[in-house]
Structures are given as structure tokens and as C-alpha cells.
There are 2 protein chains.
Amino acid sequence: MPLAPLFRPIDVAPAYQKVADAIEREIVNGRIKPGDPIGTEHDLVRQFGVNRSTIREGIRVLEEGGLISRDSSRRLHACLPRYTKLASRLSRALVLHEVTFRELYEASMTLEVASIEGAVERATEENLAELADNLVRSEAVVGDPAMLAECDAEFHVLVAKASQNRVLQLAREPAAQLFYPTTEMIVAGVAEGGPRLVAAHRHLIEAIQRRDREAGVLWTRRHLQDWRRGFEKIASLDRSVEHMYMEHAQAVRRR
Amino acid sequence: MPLAPLFRPIDVAPAYQKVADAIEREIVNGRIKPGDPIGTEHDLVRQFGVNRSTIREGIRVLEEGGLISRDSSRRLHACLPRYTKLASRLSRALVLHEVTFRELYEASMTLEVASIEGAVERATEENLAELADNLVRSEAVVGDPAMLAECDAEFHVLVAKASQNRVLQLAREPAAQLFYPTTEMIVAGVAEGGPRLVAAHRHLIEAIQRRDREAGVLWTRRHLQDWRRGFEKIASLDRSVEHMYMEHAQAVRRR
DNA sequence: GCCTCTAACTTTGTCGGACAAAGGGACAGC
DNA sequence: GCTGTCCCTTTGTCCGACAAAGTTAGAGGC
């Protein structure tokens with residue numbers, strides 16, 4: 001019979017990690033609210049009793065995690081992590097794991113359908129106005145694949161936003177970020193691609209307006225199937241997401 | 001008419017950020033493969049021509065992003081970002097954004113149903129063996145809410161894994177991490193909670209075995225509805241996720 | 001009294017050097 | 001072949017320093 005454990009594992013985390021954890025705890029449990037100042041590096045040196053280099057390493061960890069950031073004057077303050085920034089981490093991970101476009105397509109089918117269902121049910125007038133505005137801008141750039149792809153990405157972000165479900169909004173973002181670059185290629189390669197894309201958006205907006213769930217789901221499916229057909233003219237769905245697509249995600253993250 | 005731009009915006013990112021970006025680029029575009037050594041801090045000092053403190057700050061950024069890590073001997077090497085670690089960042093963000101349990105529930109309903117559909121279609125013998133093993137362990141701890149909740153969380157991870165869709169796996173993880181702690185409370189509070197949970201798992205495994213999609217979806221719905229009923233005995237679905245739940249996510253991340 | 005401009009002061013980003021602790025490797029001894 | 005020791009490398013931490021950018025306060029002009 002093994003001995004009863006006499007000792008707990010001792011905490012051997014390096015100091016910079018402890019600093020980061022301590023500040024993270026205060027933010028996550030709400031004692032430091034988003035927007036609250038964290039204090040200067042020198043303040044933290046005094047409070048934690050460690051060297052400024054150590055403090056700075058801890059700050060980098062928190063900054064990368066999106067929990068704190070520096071304002072225009074580079075002062076530290078707690079902040080709400082931004083979805084797009086976090087999602088681009090995930091996109092990056094998906095690329096490194098070499099997920100296939102089939103996986104992306106299947107997951108997006110689920111997530112975008114769920115988004116439109118939520119939007120049909122709960123979209124506000126403001127959401128609709130944003131979508132309508134997006135549609136106008138899309139129509140204006142229907143001949144420019146790059147701009148149109150950008151509008152398309154924004155359109156689906158707006159639909160997800162209209163669902164009023166932030167979990168869904170966040171869940172769909174990583175896959176969406178990897179779709180975005182391909183849309184440009186497809187619209188450029190397929191003659192009727194642009195107009196079909198804009199037409200689908202129009203039908204989706206109408207569906208939301210009429211609170212017509214069936215139509216919303218139908219047109220989302222069609223929209224994604226269009227993407228799929230276009231993609232399969234270029235490559236196999238079983239191809240894994242290429243590294244080049246990451247350049248987009250990186251650009252998005254830095255915004 | 002404005003002058004043609006003579007100059008590009010100059011890059012004013014701090015040095016540690018440039019170091020991190022440079023290494024990130026090499027990893028993401030595949031020139032450094034997961035597992036490859038990065039070299040010692042001193043090597044990087046020589047290569048980048050900056051001070052070691054600067055290098056270390058850059059390393060912290062990459063470490064937090066999950067792109068590099070240190071092995072047992074603390075040497076740096078590139079690695080595949082781990083889903084659970086990234087997902088816990090998202091869970092944290094969701095908590096800070098004060099998402100409601102209703103949002104979690106709705107999104108999970110979508111994501112878990114999609115997972116089971118994928119699992120029914122594509123689960124391997126190995127996936128089924130893992131699920132069966134999980135079921136045995138769940139039955140053994142049916143009287144212990146904390147252990148059972150842990151088994152439940154693992155069960156759904158295994159279902160998502162069986163779907164062979166890593167995008168889905170990743171997308172469901174953040175919401176799932178926030179569910180996990182509540183399951184324990186619910187199982188503890190509702191008399192028949194434990195046995196019902198295990199029974200649902202058994203039905204789900206059978207559905208996967210029989211490739212019976214209808215049954216899989218049905219029992220996933222019931223399983224989640226059970227959670228919902230249990231939760232509503234404790235609190236309103238419109239309550240936002242409390243900060244206390246983050247302690248779990250933090251524990252998960254550190255594993 | 002209010003505004004502007006300048007001169008301190010503060011804060012950040014970076015640098016150089018330093019040292020203890022932990023790990024890895026080579027080498028001798030059994 | 002295994003073990004223990006010594007040495008070297010690497011990491012984590014510390015100290016002190018400085019230029020650049022931002023902030024604050026006070027002088028001076030209206």
C-alpha cells in the first residue's frame with residue numbers, strides 16, 4: 001500500500017508567471033474592471049517586490065492574452081479581450097494542425113446556420129440597418145473580388161452579431177477567418193460568383209426582415225454550397241488549409 | 001489631386017514584438033516545424049542583435065500564444081498550439097464579456113448536435129473504445145458529482161474527437177469549459193441527475209455504434225435539456241457566467 | 001482669468017552586465 | 001554497465017543605466 005502523501009507539490013512557477021497570474025486573477029474575478037488602470041511598471045515593481053524585467057515579462061504574457069493593453073500613452077489598463085484577436089490565434093492553430101477545407105466547410109455550415117437562425121429570431125432594427133449598409137457597399141464592389149470578399153466576411157460577422165449570441169459569434173470566427181481569403185479566389189475565378197454572392201446576401205436580409213427562418217436557413221445553405229462548388233473548381237475539399245492564408249489572419253489581428 | 005504617396009508607413013513596432021513576429025512567421029509558414037528547436041536565448045540574441053531582455057519578452061509573447069514552449073530541460077522548441085489552452089483564453093473572454101447561460105446553452109446545443117452527427121458518421125473503433133471506457137468510469141463515480149462532472153466533460157470532448165472535425169472540436173471547447181463547473185452543481189443538487197446523465201451517455205454511445213443519427217441527435221438534445229432543467233432550478237438562464245467558474249478554466253489551462 | 005509654451009519630471013523600451021540554480025555532458029571510479 | 005563528480009551551458013532574476021516619448025507644472029503672454 002502506498003504511503004499517504006505527506007506533501008503537496010510545491011509551486012515552482014517562475015516569478016514572471018506568478019506576476020501574470022496574480023494580475024489575471026484580479027481582472028478575471030472582477031476586482032479590476034475593464035478600463036481600470038493597472039499602474040506603472042514601477043508601481044508593480046514596488047507591489048510585487050521583483051525586478052522590472054520580471055514585471056515586464058509578466059506584462060507581455062497578459063498583453064498577448066488580451067487581458068491588458070496599453071492606451072495611446074502606453075499606460076497599462078485592463079481591457080475586454082477582443083474576439084477577432086483571440087480568434088486569429090485559433091485560426092493560426094487550425095492552420096498549424098493542417099485542418100482540411102472539408103472540416104472548415106462542415107463546421108461553418110453548422111455555425112452559420114445557427115447564426116442565421118438566431119438573427120432571424122432576434123435581429124434588431126440596428127442590425128438590419130448595418131446589414132443593409134453592407135449590402136449597398138457589396139453591390140458597389142461586385143466587380144472587385146478582394147473588396148467583395150472583405151464585404152462578405154463582414155456580412156457574416158454582422159449576421160452573427162444579429163444573433164445576439166456572443167458565444168456563437170466567437171465560435172464561428174476562427175473558421176470564418178480562414179474562409180475569407182478563399183472567397184476572393186473563388187469570386188475571381190467564377191464568372192457569376194460575385195452577383196450570386198450579393199444575391200444570396202439580399203435574400204438573407206429579406207429572410208431576417210420577414211423573420212422567415214426557413215428561407216434564412218435555405219439561403220445560408222445555398223450560399224455555402226456556392227462557395228463549395230467554386231472551391232472544388234480550384235482544389236479538393238480534402239486539401240489542408242495552406243500557410244499562405246495566415247497572412248490574412250495576421251493582418252486582421254494587428255488591426 | 002493628392003500627391004502620389006512617396007513613402008510607406010514605417011514600422012514602429014517595439015523590438016520584442018518584431019522578434020516575436022519574426023519567429024511566428026517562420027513557424028506559421030512552415031519553415032520551422034512543430035518540434036523543431038528554436039535555439040537558446042543567447043543564439044537569438046546573436047541572430048537578432050538585440051539584448052537578451054528583449055528576446056525574453058518576445059519569447060513570452062510566443063509562449064503565451066502557444067506557438068513555442070519549453071521542454072523538460074527548458075529548451076525552446078516550436079509546438080502545435082493545444083486546443084484546451086487556447087480555448088481557456090476564449091472561456092476567459094466570454095466570462096469577461098458576461099455572456100449569459102442562455103447564450104452558452106444555445107450555442108452548445110448547436111455545437112454538440114453537430115459533434116454527435118459527425119461522430120455517428122465517422123467514429124472509429126478506437127473512438128468507441130475510448131467512449132466505452134469513459135462510460136465505465138462514469139458509472140463508477142455516479143455518486144460523486146465532482147468526478148462525474150469531470151467524466152461528463154471528457155465524454156463530450158471524446159464525442160467531438162470522434163467527429164474527426166477539428167474545427168468543430170475547437171469551436172465547442174470554450175463553451176464546454178464553462179459548462180463543466182455547472183454540471184457538478186446540478187448533479188449534486190438534483191437527485192436523479194447522475195443516473196440520468198450516465199444513461200444519456202449510454203444511449204449516445206449506442207447511437208454512434210448503430211450509426212443512428214436520429215437517436216444521437218435526440219439524446220444529445222435530451223441530455224442538454226436535462227442540464228437546462230437542472231440549471232433552472234438553481235438560477236436563471238439569463239444570468240451571466242460568474243467569475244468563480246473561471247477557476248476551473250484556469251486549472252484546465254495549467255495542465 | 002485663460003491660453004500657450006517651455007522646462008522639468010515620469011514612464012517605457014532597450015541595453016549592458018552580473019549571478020545563483022538547474023540541467024547536460026564528459027569523465028573517472030566502482 | 002552503472003554511479004558519482006566536476007564543469008559548462010542555459011535560464012531566471014537582479015541591478016543600473018539611458019534615450020525617446022509622454023505628462024505635468026509653472027512661466028509668460030493675452
Side-chain angles (χ1 to χ4, degrees), chain A residues 7-27 32 35-79 85 253-254, chain B residues 7 9-27 32 34-79 85 253-254:
Chain A
F7 305 109
R8 301 272 105 226
I10 49 178
D11 184 10
V12 290
Y16 71 85
Q17 189 67 55
K18 288 186 183 174
V19 167
D21 286 349
I23 297 175
E24 169 178 342
R25 243 193 318 280
E26 295 305 293
I27 294 175
I32 300 177
D36 286 357
I38 303 292
T40 68
E41 294 178 3
H42 189 57
D43 289 338
L44 296 174
V45 167
R46 276 196 300 264
Q47 291 182 54
F48 286 102
V50 297
N51 192 269
R52 190 158 76 98
S53 305
T54 305
I55 293 288
R56 283 174 66 81
E57 288 187 38
I59 287 173
R60 292 299 156 245
V61 172
L62 295 171
E63 260 183 343
E64 178 68 6
L67 278 181
I68 69 179
S69 69
R70 316 193 91 115
D71 57 25
S72 62
S73 73
R74 286 192 282 194
R75 260 195 271 270
L76 292 168
H77 55 84
C79 64
K85 187 182 165 198
R253 174 146 38 92
R254 270 196 264 280
Chain B
F7 305 109
I10 48 176
D11 187 5
V12 289
Y16 69 86
Q17 188 68 54
K18 288 186 184 175
V19 167
D21 285 350
I23 298 175
E24 169 178 342
R25 242 192 321 280
E26 294 305 293
I27 294 175
I32 299 177
D36 286 357
I38 303 291
T40 68
E41 294 178 3
H42 190 55
D43 290 337
L44 297 174
V45 166
R46 275 196 301 263
Q47 292 182 55
F48 286 103
V50 298
N51 192 271
R52 190 157 76 98
S53 305
T54 305
I55 293 289
R56 284 175 63 80
E57 288 186 38
I59 286 173
R60 293 298 156 246
V61 171
L62 295 172
E63 260 183 346
E64 179 68 5
L67 278 181
I68 68 179
S69 68
R70 314 193 94 114
D71 57 25
S72 62
S73 72
R74 287 189 284 194
R75 261 193 270 271
L76 291 169
H77 56 86
C79 64
K85 187 182 166 196
R253 175 151 32 95
R254 269 196 265 279

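Everything numeric here is computed off the predicted structure, so don't read it as measured data. Chain A is the first sequence line, chain B the second, and so forth, proteins listed ahead of strands; every chain is numbered from 1.
- Which of D:dG12, C:dG16, C:dT12 sits closest to the side chain of B:Ser53 comes down to C:dG16.
- Within the nucleic acid shown, A:Arg56 comes within 4.0 Å of at least one base atom, counting heavy atoms only.
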Practice task
Evaluate salt bridge (charged side-chain N to carboxylate O under 4.0 Å, His left out) for A:Arg56 paired with B:Glu57, printing each intermediate quantity in order.
Solution key: CA-CA 7 Å; A:Arg56 283 174 66 81; B:Glu57 288 186 38; 2.8 Å; yes

Practice task
Take A:Leu44 and A:Val19 through the side-chain contact (heavy atoms from CB on, under 4.5 Å) test and state the conclusion after the steps.
Solution key: CA-CA 9 Å; A:Leu44 296 174; A:Val19 167; 5.9 Å; no

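- Taking atom CZ on B:Arg75 and atom P on D:dT11, their separation rounds to 8 Å, with Å as the unit.
- Look at CD on A:Gln17: it is 15 Å from C1' on D:dT13, rounded to the nearest Å.
- Remark: C1' of C:dT11 and CZ of A:Arg46 are 12 Å apart, rounded to the nearest angstrom.
- At whole-Å resolution of the value, CG in A:Leu76 and P in D:dT23 are 14 Å apart.
- A:His42 places its NE2 atom 16 Å from the P atom of C:dG13, with the value rounded to the nearest Å.
- Straight-line distance from the CZ atom of A:Arg70 to the C1' atom of D:dA21: 13 Å, rounded to whole Å.
- Contact check, A:Thr54 against D:dC14: a side-chain N or O comes under 4.0 Å of OP1 or OP2.
- By the 4.0 Å N-to-carboxylate-O rule, A:Arg74 lies too far from A:Glu63 to be salt-bridged with it.
- Computed from coordinates, the B:Asn51 CG to D:dT13 P distance equals 16 Å when rounded to whole Å.
- The base of D:dT10 has none of its N or O atoms less than 3.5 Å from a complementary donor or acceptor on the side chain of B:Arg52.
- Counting to the nearest Å, the P atom of C:dT14 and the CD1 atom of A:Ile59 are 13 Å from each other.
- Across the interface with DNA chain D, nearest-nucleotide mapping of A:Arg74 and A:Glu57 shows A:Glu57 to be the residue nearer the 5′ end.
- A salt bridge between A:Asp43 and A:Arg46 is present, with a side-chain N of the basic residue lying under 4.0 Å from a carboxylate O of the acidic one.
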